[in-house]
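Computed from a prediction, not measured in an experiment: that's the story for all the values here. What you see below is based on every heavy atom in this structure, not just the backbone, and it leaves out hydrogens, waters and symmetry mates. In what follows, chains carry the letters A, B, and so on, assigned in the order in which the sequence lines appear, proteins first and then strands, with residues in each chain numbered from 1.
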Amino acid sequence: MEEIKKKEEQTTTHKIGIYLWIWGLLFVLSFFSYMVDWYEFQGLLRWSLILFFMFLKAGLIMAFFMHLFWERYALVNVLLWPMTAIACFIGLMAAEGKYTVFTRFFYFFVGGQ
Amino acid sequence: MHVGIIFFLVILGSVLFHIFTPWYWTDIASNWQGMDDTITLTFWVGGGVFVAVCLFMIYCVFKFSYKEGRKVEYKPEDKKLERILTWATTIGVAALLAPGLIIWNQYVNVPKNALEVDVMAWQWGWQYRLPGEDGKLGTTKVVNINDENPFGINPDDPFGQDDIMIQSDVLNLKIDRPVKILLRSVDVLHNWYVPQFRSKMDAVPGVITFYWFEPNKVGEYEVLCAEYCGVGHYAMRGTVIVQDEQNYNQWLNEQETYSELVAKQNKLEIEKNKIVKKIDLN
Amino acid sequence: MSDEIDNKQSIQAQSSETMNQYSGSAAADIDYVRPAEIPEQDLYHGHSFITKWVFCQDAKVIGVQYFLTAVFTGVVGLILSWLMRLQLGFPGLAGFMTAEHYYQFVTMHGMIMVVYFLTALFLGGFGNYLIPLMVGARDMVFPYVNMISFWMFFIAVAVLMASFFVPGGPTGSGWTLYPPQAILEGTPGSGMGILLMLVSLSLFVIGFTMGGLNYLITILQARTRGMTLMRMPLTVWGIFTATVLAMLAFPALLVSSIMMTLDKVLGTSFFMPTILKAGEVLEYGGGSPILFQHLFWFFGHPEVYIVALPAFGIVSDLISVHARKNIFGYRMMVWAIVGIGALSFFVWAHHMYVSGMNPWFGFFFATTTLIIAVPTAMKVYNWIITLWRGNIRINTVMLWCLGFIVTFVNGGITGIFLGNVSVDVPLSDTYFVVAHFHMVMGIAPLMVIMGAVYHWFPLVAGRMLHEGLGKWHFWITFLGAYSIYFPMHYLGFIGVPRRYFEMYDSPYMTSAIGMNEFISLAAFIVGAAQFILIFNIIKTLKTGKPAGKNPWKANSLEWHTSTVPPEHGNFGDRLPVVHRWPYDFSVPGAKEDFIPQTTPPSEVVHTEVEKT
Amino acid sequence: MSEQKIADYEFKPGFTGMAKDTGSDQTMFKGVHWGKAMMWIFLLSDTFVFSCFLISYMKGRASTTVEWPYPSEVFALTVFGVSVPLLLIAIMTFVLITSSGTMALAVKYGYEKNRKMCGWLVLATAIGGLTFVGMQAFEWSKLIHEGVRPWENPFGAAQFGSYFFMITGFHGTHVSIGVIFLFIYAYKVFAGHYDTQKRGWFTTMKGDYVEIEILGLYWHFVDLVWVFIFAFFYLW
Ligand code: HEA
Ligand code: HEA
Ligand code: CUA
Ligand SMILES: [Cu+2]
């Protein structure tokens with residue numbers, strides 16, 4: 001058979017700067033999300049900020065620390081598409097939770113039709 | 001050869017069995033005729049496809065069984081045929097789905113004039129509660145349940161006072177009046193199911209579930225528990241009696257309300273205290 | 001450990017042809033296949049009995065181990081079903097049968113058959129044996145992990161079986177394990193029984209994850225040269241997709257098991273609302289039983305396809321080989337498998353139409369559920385079109401395939417009844433459902449397993465199973481099983497609920513007594529007929545006709561190994577090179593009616609159709 | 001995209017590349033080590049585990065009729081007489097992110113075959129992880145001291161305690177397993193197993209710095225999960 005090439009250096013390394021940047025950004029974002037609590041934002045603003053920082057952080061970790069940004073799309077897609085099932089599950093369970101608490105309040109507390 | 005014949009007999013037998021079966025659904029006694037109709041429709045479409053597919057297969061077995069040197073078609077794909085089949089199936093499926101969804105829409109939208117019935121399930125039995133004159137059921141809680149308050153009605157809920165309590169597993173219903181069944185359970189899952197009414201829903205502890213139907217045939221029906229609930233599951237039966245207005249009202253008047261029960265109990269209490277006092281005096 | 005490592009020998013990569021030969025005139029050479037991009041795999045060869053047969057790292061041995069363990073649990077499940085049928089058909093005949101026992105048997109029967117029998121048999125058994133062979137790998141990519149995977153499964157089975165012997169017996173909560181009843185008194189085995197069940201399931205999940213990673217990476221990253229994804233046999237596609245489903249669905253089972261264990265042991269209230277038992281309020285409150293149902297079915301529905309998809313794949317291969325014709329619409333078949341797999345994560349709550357969940361979900365789930373019928377239908381059409389104008393060998397294997405088509409279509413169509421929300425309302429939790437899933441899961445995949453056993457036994461053991469016995473086995477099983485489950489639908493129509501220990505008094509149920517007796521008799525006969533197979537296997541191992549190489553004249557790689565049965569490392573000293581799909585049967589102009597995947601184009605005389 | 005080379009295979013970028021990779025023979029993830037592919041798929045499966053936990057938590061929290069405790073207060077620490085909300089959690093987050101950064105650098109130096117740097121960074125990561133576990137233990141004991149139990153909770157809904165202990169416990173287990181492996185791998189790096197391609201304990205595979213990347217994937221995943229737990233448990 002063909003000679004197996006000695007597996008050459010296939011993976012490139014990246015400049016240290018990019019890691020330090022991301023690292024710094026993660027600290028900053030964590031600080032911001034902590035500030036959301038510190039300043040006691042409430043309601044929609046709080047939740048959207050929390051989610052925003054959360055997804056940003058998660059995205060940075062995945063993309064750069066876990067090198068997903070540099071991986072080939074075949075891998076990226078295999079990893080991300082299944083999340084639609086989770087998204088569907090989340091959406092429906094949120095609706096289910098609301099429905100449950102509605103019936104509970106309605107029949108156990110409010111009552112009278 | 002004989003292989004094809006046996007398979008053919010199996011299909012033929014299935015069809016004949018379906019036509020001549022003595023086992024089929026009980027006569028319907030509610031407004032859910034639509035469910036039966038959808039089942040019939042599904043039988044026609046689905047059964048037709050089943051028979052067609054199997055007959056085609058049997059034909060192939062007859063026609064193309066092994067012969068040395070037979071010329072075999074080599075055709076990996078036929079885009080057009082596949083497209084036709086996909087669309088035909090999609091249309092068939094959509095035709096089945098549409099009536100199903102329409103009826104489901106009726107199923108989850110309860111008519112305004114429906115009579116609410118509180119069905120309370122426990123291991124292993126049923127009891128029922130009907131709204132009193134105010135037409136409204138009082139709120140309930142499992143923790144309130146005790147001998148004096150068998151339904152766990154919130155004692156301070158004004159709507160609950162005149163609720164009619166039926167501490168037996170026999171429920172009477174008025175003919176042609178929609179009922180909204182409100183199900184609750186004090187322990188595990190149950191399901192209040194009357195085959196003749198076609199409809200069912202689980203009773204889940206911790207929440208209230210509902211469904212509705214309109215009984216339209218006078219008679220006595222058996223209630224089955226249709227959700228596994230422990231060793232007594234198979235024996236958890238009840239009865240529904242559908243009656244005309246007059247008999248129904250008569251039955252209704254014999255039942256006790258919550259406040260009556262409380263009053264009776266208080267009286268008992270007082271009497272008991274008296275006796276106790278007497279004994280004490282002695 | 002260290003001397004073991006010294007013993008490890010690596011199979012040397014051969015280089016009879018040099019690389020230059022390829023790269024030089026790549027375009028011109030029609031036999032050209034890219035050079036290998038993955039290095040040769042080092043294999044650990046066992047020497048002692050223990051390393052060769054017990055803690056063995058050869059996927060084929062592991063496959064057989066899985067197979068035998070799964071069949072053992074299957075026989076247990078079968079015996080349990082006999083006991084159940086005895087009670088249902090002839091109540092009171094078995095004196096020891098109480099309601100407690102009955103429910104324990106139902107539960108263990110269901111769980112064993114679905115998880116420990118079918119899942120383990122298809123993925124652990126057939127997966128391990130066939131994947132490396134079919135994709136042209138020397139072994140699974142992580143043989144050691146693979147070995148652990150089997151032993152985890154073995155321990156899981158041991159724990160499960162142990163629950164028969166603990167005080168209170170095994171759990172009797174139904175295989176769906178719904179709380180609150182699963183962990184409350186009033187349900188048999190609500191003490192140790194349910195705990196052992198949950199532990200066993202968790203072990204199963206962990207063990208399966210190890211195996212599943214192996215299957216996936218082997219298929220994705222360790223194929224031989226020339227083996228593209230679209231040249232894999234459908235068997236591999238089926239097992240692959242099922243494994244993906246398992247990797248994504250079992251987490252929900254694991255999570256629900258953990259949460260239920262905590263509810264039971266620590267008294268948390270994940271699934272437990274306020275509960276009144278015997279006049280006393282238990283120390284639970286605020287939980288939601290419906291949450292468990294969602295988690296369970298988020299696992300449970302993909303699970304039923306986990307047992308269906310490998311069957312789809314395998315039956316495609318069997319039909320194609322024995323009809324001597326290429327599988328019709330290969331691409332469509334692959335897309336259908338993948339599509340069914342993907343969709344199966346969006347339909348779970350069709351098991352919960354009448355569970356008291358948010359009623360508006362009904363619309364969503366009915367629609368998604370019925371959509372699944374379309375890709376499934378395409379598969380059915382393609383199977384029968386494959387038969388069309390083929391050259392069908394009516395042997396035992398083909399018989400099982402035909403039986404599969406009949407039972408699967410029947411069961412699938414009753415699935416359409418159930419999927420259509422409002423039709424499910426009267427039928428849910430009745431024997432109609434029981435009939436549906438036995439037809440589509442109990443019988444149809446079982447037919448495929450049997451077909452696969454007759455088909456691949458010559459490969460595993462080197463001898464042909466006896467055809468006559470096989471035909472008897474088939475006809476009794478097929479006709480018997482069909483007459484068990486076809487009439488059973490009508491019990492559901494009259495409204496007989498499932499999980500009823502006794503039907504007695506109700507008028508429309510007494511009319512069913514005759515049918516129940518008939519069904520039970522059929523079940524005894526069908527069960528007993530399985531011993532024909534076991535007898536056949538034993539007899540064949542002793543005196544069977546030697547199979548020789550490739551007795552079915554199949555194309556796929558497993559039949560083109562250096563030895564039959566294949567040895568450790570599968571392909572001798574050279575991995576095969578693949579030049580075509582595995583379905584080149586009866587190619588016009590070709591000398592024989594099959595062209596193995598390894599035959600290079602230059603060796604095929606003129607063919608009209610060039611298909612990869 | 002990393003510039004890789006595979007004999008006679010042309011890498012294409014983006015979705016065209018994906019189609020080509022998928023349709024090619026031998027491997028679908030071109031140039032991805034078996035172990036790394038396996039870790040990715042495992043993490044995908046593990047994501048589903050944590051998702052199911054968090055979804056259950058969402059459903060449980062949404063449907064309880066009892067007041068949910070205000071995490072900001074429950075998790076406050078009193079330093080010098082001032083009650084600082086979420087202080088401990090903030091420090092834990094800080095520690096975990098720090099260890100994530102060191103891990104990322106360890107992977108980088110691993111690929112550069114810089115044995116010393118790689119080893120020290122893995123060790124630093126391990127110590128960071130250990131600190132995190134220690135602080136979590138402290139947090140648990142504090143809550144238990146205040147009367148929070150899996151089955152009850154003095155501040156409100158009982159489910160709070162159940163979900164809290166279960167989810168942080170499961171995450172903590174992941175961290176602890178990670179820490180054990182980090183120590184082992186630190187030893188292996190220092191001992192030069194990856195330079196000499198020494199075979200692993202349980203496998204027949206040759207040692208390779210890619211194992212550091214695989215471990216790194218796991219460790220970053222643990223960090224990733226913490227991001228979600230932090231958002232949903234402590235801030236929400
Ligand atoms: C291998 C296992 C398997 C498979 C493949 C299926 C396939 C299907 N199942 Fe089944 N099912 C189970 C195993 C399986 N099921 C089990 C175990 C249970 C019970 C669990 C329990 O409660 O204990 C269950 C229960 C169950 C329910 C819940 C019933 C209830 O409890 O109330 C429903 C409801 O939607 C359902 C639907 C379907 C549908 C729509 C399909 C479809 O995928 C079927 C698609 C196939 C076809 C449709 C046939 C081929 C198509 C054609 C020939 C084309 C023409 C057809 C038309 C135009 C209609 N199943
Ligand atoms: C794959 C799944 C599977 C299989 C094969 C079977 C097989 C059988 N099942 Fe079962 N069954 C379930 C899955 C299965 N079942 C499930 C999930 C439930 C629901 C449980 C619950 O409600 O909780 C159930 C419930 C159930 C009930 C309902 C009980 C009730 O609701 O009260 C009944 C009643 O008749 C029944 C009967 C039978 C019978 C008679 C057989 C068999 O006798 C049919 C014939 C048997 C075979 C054809 C052979 C089996 C194979 C082997 C022994 C291995 C040999 C193989 C080799 C050597 C290769 N089953
Ligand atoms: Cu109550 Cu079953
Ligand atoms: Cu399903």
Side-chain angles (χ1 to χ4, degrees), chain B residues 3 10 14 21 23-26 35 38-39 42 46 50 53-54 56-57 60 64-66 70 72-74 76-77 82 85-86 89-90 93 96-97 100-101 103-104 107-108 123 142-143 145 186-189 195 198-202 204-206 209 222 224 226-231 233-234, chain C residues 99-100 174 178 180-181 186-187 273-277 281 289 324-326 329 332 354-356 359 362-363 370 373-374 377 381 384 387-394 405-406 409 413 416-417 420-423 425-426 429 486 490 493-495 497 499-502 506 508 586-588 609 611:
Chain B
V3 172
V10 168
S14 309
T21 178
W23 298 280
Y24 212 49
W25 52 45
T26 46
M35 290 181 187
T38 318
I39 292 182
T42 318
F50 172 65
V53 166
C54 292
F56 183 85
M57 184 191 95
C60 291
F64 306 111
S65 56
Y66 195 79
R70 179 196 292 283
V72 174
E73 187 185 54
Y74 187 88
E77 234 154 36
E82 289 177 69
L85 288 174
T86 314
T89 314
T90 312
V93 166
L96 295 178
L97 182 61
L101 291 187
I103 294 163
W104 183 250
Y107 195 67
V108 297
Q123 278 175 326
V142 168
V143 285
I145 297 178
V186 302
D187 39 38
V188 303
L189 304 170
R198 301 291 188 263
S199 43
K200 64 160 84 78
M201 188 61 73
D202 281 5
V204 183
T209 58
E222 185 175 24
L224 308 168
E227 179 63 76
Y228 179 60
C229 54
V231 275
H233 170 56
Y234 66 100
Chain C
E100 272 94 352
Y178 281 177
Q181 61 260 36
T187 304
T274 317
I275 283 171
L276 188 78
K277 282 231 59 163
V281 178
R324 312 309 296 156
K325 196 181 156 208
N326 65 77
M332 177 66 97
V354 296
S355 71
F363 297 105
L370 288 216
V374 178
Y381 301 147
I384 53 176
L387 296 176
W388 173 253
R389 295 201 179 146
N391 195 6
I392 308 170
R393 296 181 188 145
I394 310 284
I405 295 177
V406 173
V409 175
I413 292 205
I416 297 297
F417 283 69
N420 206 350
V421 235
S422 46
V423 176
V425 172
D429 278 314
F486 189 78
Y490 294 83
F493 275 123
I494 59 180
R499 296 170 175 167
Y500 263 33
F501 165 64
E502 237 174 3
S506 321
Y508 44 87
S586 308
V587 180
V609 198
K611 169 76 189 151

Chain B interface, residue from [options] that has the most non-hydrogen pairs under 4.5 Å:
options: C/L387, C/V421, C/V423, C/V409; value: C/V421
options: C/V425, C/T274, C/L370, C/V374; value: C/V425
options: C/G174, C/P289, C/A99, C/S355; value: C/S355
options: C/I275, C/I394, C/I416, C/N326; value: C/N326
options: C/P359, C/P497, C/G356; value: C/P359

Pairs of heavy atoms under 4.5 Å with chain C: top-ranked of [options]:
options: B/T86, B/D202, B/L96; answer: B/D202
options: B/V142, B/L85, B/I103; answer: B/L85
options: B/G230, B/G46, B/C54, B/C60; answer: B/C60
options: B/V143, B/I145, B/V93; answer: B/V93
options: B/T42, B/T38, B/T89, B/T209; answer: B/T42

Between [X] and chain B, which part of the residue has a heavy atom less than 4.5 Å away: side chain, backbone, both or neither?
X: C/F363; answer: both
X: C/N391; answer: both
X: C/V281; answer: side chain

Does any N or O in the side chain of [X] come within less than 3.5 Å of the main-chain N or O of [Y], such that one atom is a donor and the other an acceptor?
X: B/E82; Y: C/G329; answer: no
X: C/S586; Y: C/K325; answer: no
X: B/D187; Y: B/Q123; answer: yes

request  = Step by step, work out the side-chain contact (heavy atoms from CB on, under 4.5 Å) result for C/M332 and C/Y381.
outcome  = CA-CA 11 Å; C/M332 177 66 97; C/Y381 301 147; over 6 Å; no
note = Bottom line for B/F50: the part with an atom under 4.5 Å from chain C's heavy atoms is both
query = What part of B/T21 lies closer than 4.5 angstrom to a heavy atom of chain C: side chain, backbone, both or neither?
reply = side chain
inquiry  = If I take atom OG1 from residue C/T187 and atom NE2 from residue B/H233, how far apart are they, to the nearest 0.5 angstrom?
reply    = 11.5 Å
request  = Kindly write out the residues that satisfy side chain to side chain contact (heavy atoms under 4.5 Å, CB included) with B/A226, not counting sequence neighbours, or none if the list is empty.
outcome  = B/N191, B/Y193, B/K200, C/D429
task = Identify the two heavy atoms, one from C/G362 and one from B/W104, that lie closest to each other, and give their separation to 0.1 Å.
result = CA-NE1, 3.7 Å
ask   = Can you name the residues that form a salt bridge (Lys or Arg N to Asp or Glu O under 4.0 Å) with C/R499, not counting sequence neighbours?
value = none
Aromatic ring pairing C/Y490/B/Y24, orientation class (parallel under 30°, perpendicular over 60°, tilted between) = tilted
request  = Name the orientation class of the two ring planes belonging to C/F501 and B/Y234 (parallel below 30°, tilted from 30 to 60°, perpendicular beyond 60°).
outcome  = perpendicular
